[in-house]
Amino acid sequence: MGYKPQEIEPRWQAHWNQHQLFRAGIRSDLPKYYVLDMFPYPSGSGLHVGHTEGYTASDIIARHRRMKGFDVLHPMGFDAFGLPAEQYAIEKGVHPEVSTRENIETFSKQLRAMGYSYDWDRQFSTSDPTYYHWTQWIFLKLLEHDLAFQEEAMVNWCPELGTVLANDEVIDGKSERGGYDVVRQPMKQWMLRITAFADRLLEGLDEVDFPESIKSMQRDRIGRSEGADATFDIVDSDLKMEIFTTRPDTLFGSTFCVLSPEHPFVSKLTDAPHQQAVEAYCQEAARKSDIERSGTEAGKTGVFTGAHAINPCTGDSMPIWVADYVLMGYGTGAIMCVPGHDQRDWDFATTFKLPIVEVVAGGDVAVEAYVGEGTHVNSGFLDGLDKEQAISASIDWLEQKKIGKRIVRYRLRDWIFARQRYWGEPVPVVIDDEGKAHPLPESALPLELPHLDDFAPTGTGKSPLERAQQWSQTEVPGSGAPARRELDTMPGSAGSSAYFLRFIDPKNDQALVDPQLAKRWMPVDLYLGGAEHAVGHLLYSRFWTKFLHDIGVCPVDEPYAKLVNQGMILGEDHRKMSKRFGNVVDPLDVIAEQGADSLRVYEMFMGPIEADKPWSTGGLMGARRFLDRVWRLFFDQDDQLHGTLSAQATDDQMRILHRTIDKVDRDTEGLRFNTAIAQMMTFVNELNPLETRPRAILEPFCLVLAPYAPHLAEELWSALGHDESLMWEEFPQADPHWLEQELVEVPVQVNGKVRSKIEVAVDIGQEQIQQQVLADSRVQEYTEGKEIVKFVWVPGRMVNLVVR
RNA sequence: GCCGGAGUGGCGGAAUUGGCAUACGCGGCGGAUUCAAAAUCCGCUGACUUUCGGGUCUUGUGGGUUCGAGUCCCACCUCCGGUACCA
């Protein structure tokens, strides 16, 4: 009796599956819409209700768009390679091939139980050879265009995980996975030249519809800054020291220089009396973790080298110090210090009693550095100029003297593209006896990952693939000279950097994607996922897209037209959902008790999609009760359809129906799912007490409900006598006639306070309403004996009288 | 510190262009139904006050603009996210 989701839902899921109702690309006459979820890591713990929030939102959009006449591409797959999957496998003592397969099964089962309208035929995992074939192919293309290269680089080495990590896999000097110590260490690595795309990645942000916070995070990561390089002579040395500054206008105020401890000049410049102290300092700096070095609370440390550089403006000699607040990885690893106008330099100068000179007026350099605007003083030919003029004039001067030039630098580093781990895409390269790298020919792809029984990290900096002797020993393509395969694998972020292209044409064994199909579907119209990928994944995939665009593979150079970050679902206790707190909610449990439609409706009703929201069992029950009430709108106590189906719809019924259609349509389009559902609840509440249930009202409502509670909607639709699924029915259109009201009740304010309400025709004129308002007895109480200064009538909204 | 976002009932949240603050849901209270309970249905539910007509106050705090401010402007406080010596 009554609404039984457990019985209804599997039946409709089977029906959709059987009739392949969500296949994309079969209606090429319709406009396209590509809606994509950030695909999940198939972890061992399965999906929780945080994942299903985003997936439900995108599914509602997909279903709504289909009903609005779009050919919708809505695919799903699994990001299975990489550290999380491998760590899980190690912890459980299972081979990652096995655990990945099992986890994907669990995830698929959960996703299917939610009734998502994915085109499952397009599903793949990044660990499928038929997929990573193309990840490897892109790598070969990058290599061909000199965007992939090997370099001895300072990397984040995690001894416990036995691999290098990307910067965003390191948090506070610990690994993101497991929280193990990470040390800086030089290693020869494959790198991708993402820095070559820095400006385009920056400019592209202006064209896309991303949350402002994401854009600003990406801009910060790219960290473009304009300035100048300048070369300083060194006293009693042939060496010339190159520094980078964004404030060349303050050259006259530079009183000392600082080298990074890793700077090659440190050992060359340090004189005998200072040697011991400098060496000790550099060793200490190398030992310290990044977090210790950058700790602002630590204050400034440093040692004098005994050497001096010459200030090209003043001719003064400036002591050269070594300090770890200067980083080797940015700029030239050497800076000129202007303590008057840079707080870090000011702190340093104060600590070590170095001279401070004011060159920009406006502050008090005896108290703190002055970084604001101002007129230049003590600056020779720059005196009297403002900041902008002085920067420009000083660079001109440097260029004229051939001791410097204008330059743009970025904080963004090249992408370290190698992990000393087993579970990743093999790099399609062989190394000959002289250590030279040779790419494999495209025909050799995919280079399959060999099966290894012992896949644990070696911990030595070598890849576990070293153990695959047979696989590793090979020859140089073409020449036949002996060689070994590259043993490092690609990082986890490789597989997710172009997957949206592969979903368009997942079975193509001749190309990453057919160009015609790519043209049809790109870009992704709506991309939904968590904000944790704000920088890493999004920057990497934007980079690859730009590259693929340049070589003619991808028709667009920005992959995602619109990005939305769903918020986090917190536990009922308002804390982050985590096993540790025991507050994790499994969608399968919810589905078993209340049904997938209740879960879908509840999660969308919780609040704005982008906000963090706490789970509430009571709230879930509310969603269930709403669907129960929908059921009873259609059926009587014996589960028989209401006998009043053939009744004529009343004007009231038509008005509430069309208001609902209009609001749900617009709110869905704008991803305001919570208010769309509130409107459907209002519809049910208002319709409930009315005596008749005309088909003309129930049928359109069924369609309006369908994107949100698809199983229930199908069941009701079929009960109304339809043989076909409502999936491709047209979404109802709101008739403007029923949206307009003839009479409205408007509040009447006197001096801004509501004192009365009157009912008037919407289109009443100023004079008539004034007459009616003044005739109102409540209004007269407040106006008696007073002068009416002003009469405000906002048509259809309200009246305000100003009296004195 | 800097950048981004947010502060509205007991709780989640709503509010077109500046126009009835608290929609919708949860929770609570009362009632109907029931042998009883669950479920369901109906009503009430921001605070204070009241002669039960109403009155006063209320959207983090303090100012301002306006006939009118949750919404706009200025200053500040708190929370969340990001970032952290990038010269």
Side-chain angles (χ1 to χ4, degrees), chain A residues 2 172 211-221 223-225 227 243-247 250 257-258 260 290-291 293-296 298-300 323-327 329-338 342-345 347-348 409-413 531-532 534-535 565 567-568 570 574 601-602 605-608 610-623 625-626 628-629 632 637 666 672 674-682 684-685 688-689 745-755 757 778 781 789-803:
Chain A
D172 291 344
E212 207 41 55
S213 61
I214 299 291
K215 287 190 181 186
S216 93
M217 278 188 235
Q218 295 203 16
R219 288 191 186 109
D220 288 352
R221 173 60 64 90
R224 181 191 155 100
S225 63
I243 60 101
F244 171 63
T245 179
T246 53
R247 294 294 304 275
T250 59
C257 288
V258 174
S260 160
D290 266 15
I291 187 75
R293 269 179 75 158
S294 67
T296 37
K300 295 279 179 281
D324 63 8
Y325 80 93
V326 175
L327 310 173
Y330 184 77
T332 60
I335 61 169
M336 68 170 201
C337 296
V338 185
D342 181 289
Q343 193 57 43
R344 294 154 304 180
D345 297 346
D347 293 342
F348 194 84
R409 290 199 183 269
Y410 303 89
R411 188 152 37 208
L412 185 69
R413 307 297 159 74
E532 64 272 21
V535 191
N565 293 125
M568 212 188 316
L570 306 171
H574 287 56
V601 167
Y602 171 56
F605 183 64
M606 290 171 86
E610 65 279 6
D612 293 347
K613 303 158 289 262
W615 181 263
S616 150
T617 305
L620 170 70
M621 295 310 297
R625 278 196 286 272
F626 163 62
D628 282 332
R629 280 199 292 271
R632 284 197 301 274
Q637 291 208 313
R666 283 184 295 114
R672 296 180 297 271
N674 52 334
T675 49
I677 291 168
Q679 179 61 36
M680 290 191 266
M681 288 172 167
T682 304
V684 172
N685 292 346
N688 225 358
E745 192 191 46
V746 296
V748 179
Q749 297 181 351
V750 180
N751 286 345
K753 293 204 161 105
V754 180
R755 297 302 183 183
K757 289 181 179 178
R778 287 273 301 142
E781 280 177 45
V789 183
K790 198 165 181 177
F791 186 95
V792 182
W793 162 232
V794 184
R797 300 297 254 153
M798 50 87 64
V799 169
N800 191 15
L801 289 173
V802 187
V803 301

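Proteins get letters first, then strands, A, B, ... in listed order; numbering begins at 1 in each. Hydrogens, waters and symmetry mates are skipped; everything else that's a heavy atom, side chains included, is used. Since we're looking at a predicted model, the values are computed, not measured.
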B:U45 and B:G10: how far apart are their P atoms, nearest whole angstrom? 15 Å

Are A:Arg755 and B:G55 close enough that a side-chain N or O sits under 4.0 Å from OP1 or OP2? yes

Taking atom P in both B:A39 and B:A15, what distance in whole Å separates the two? 31 Å

I need the CG-P distance between A:Leu570 and B:G13, as an integer number of Å. 9 Å

Sugar-phosphate, base or nothing in reach of A:Arg632, heavy atoms under 4.0 Å: sugar-phosphate

Within the 4.0 Å heavy-atom criterion, would you say A:Met798 contacts the bases, only the backbone, or no part of the nucleic acid? base

Give none if B:A21 has no partner; otherwise give the nucleotide forming a Watson-Crick or G-U wobble pair with it, both distances under 3.5 Å. none

Separation of the P atoms in B:G63 and B:C57, to the nearest angstrom: 15 Å

Under the 3.5 angstrom rule, does the side chain of A:Lys613 hit a backbone N or O of A:Pro608 as a donor-acceptor pair? yes

Please walk me through it: do A:Phe348 and A:Asp342 pass side chain to side chain contact (heavy atoms under 4.5 Å, CB included)? CA-CA 10 Å; A:Phe348 194 84; A:Asp342 181 289; over 6 Å; no

CD1-OH distance between A:Ile677 and A:Tyr602, expressed to the nearest 0.5 angstrom: 11.0 Å

Is any side-chain nitrogen or oxygen of A:Ser225 closer than 4.0 Å to OP1 or OP2 of B:A87? yes

With rounding to whole Å, what would you report as the distance between B:U49 and B:G25 at their P atoms? 30 Å

Using atom P of each nucleotide, how far apart are B:G60 and B:U51 to the nearest Å? 33 Å

Interatomic distance where CE belongs to A:Met606 and C1' belongs to B:A14 [whole Å]: 16 Å

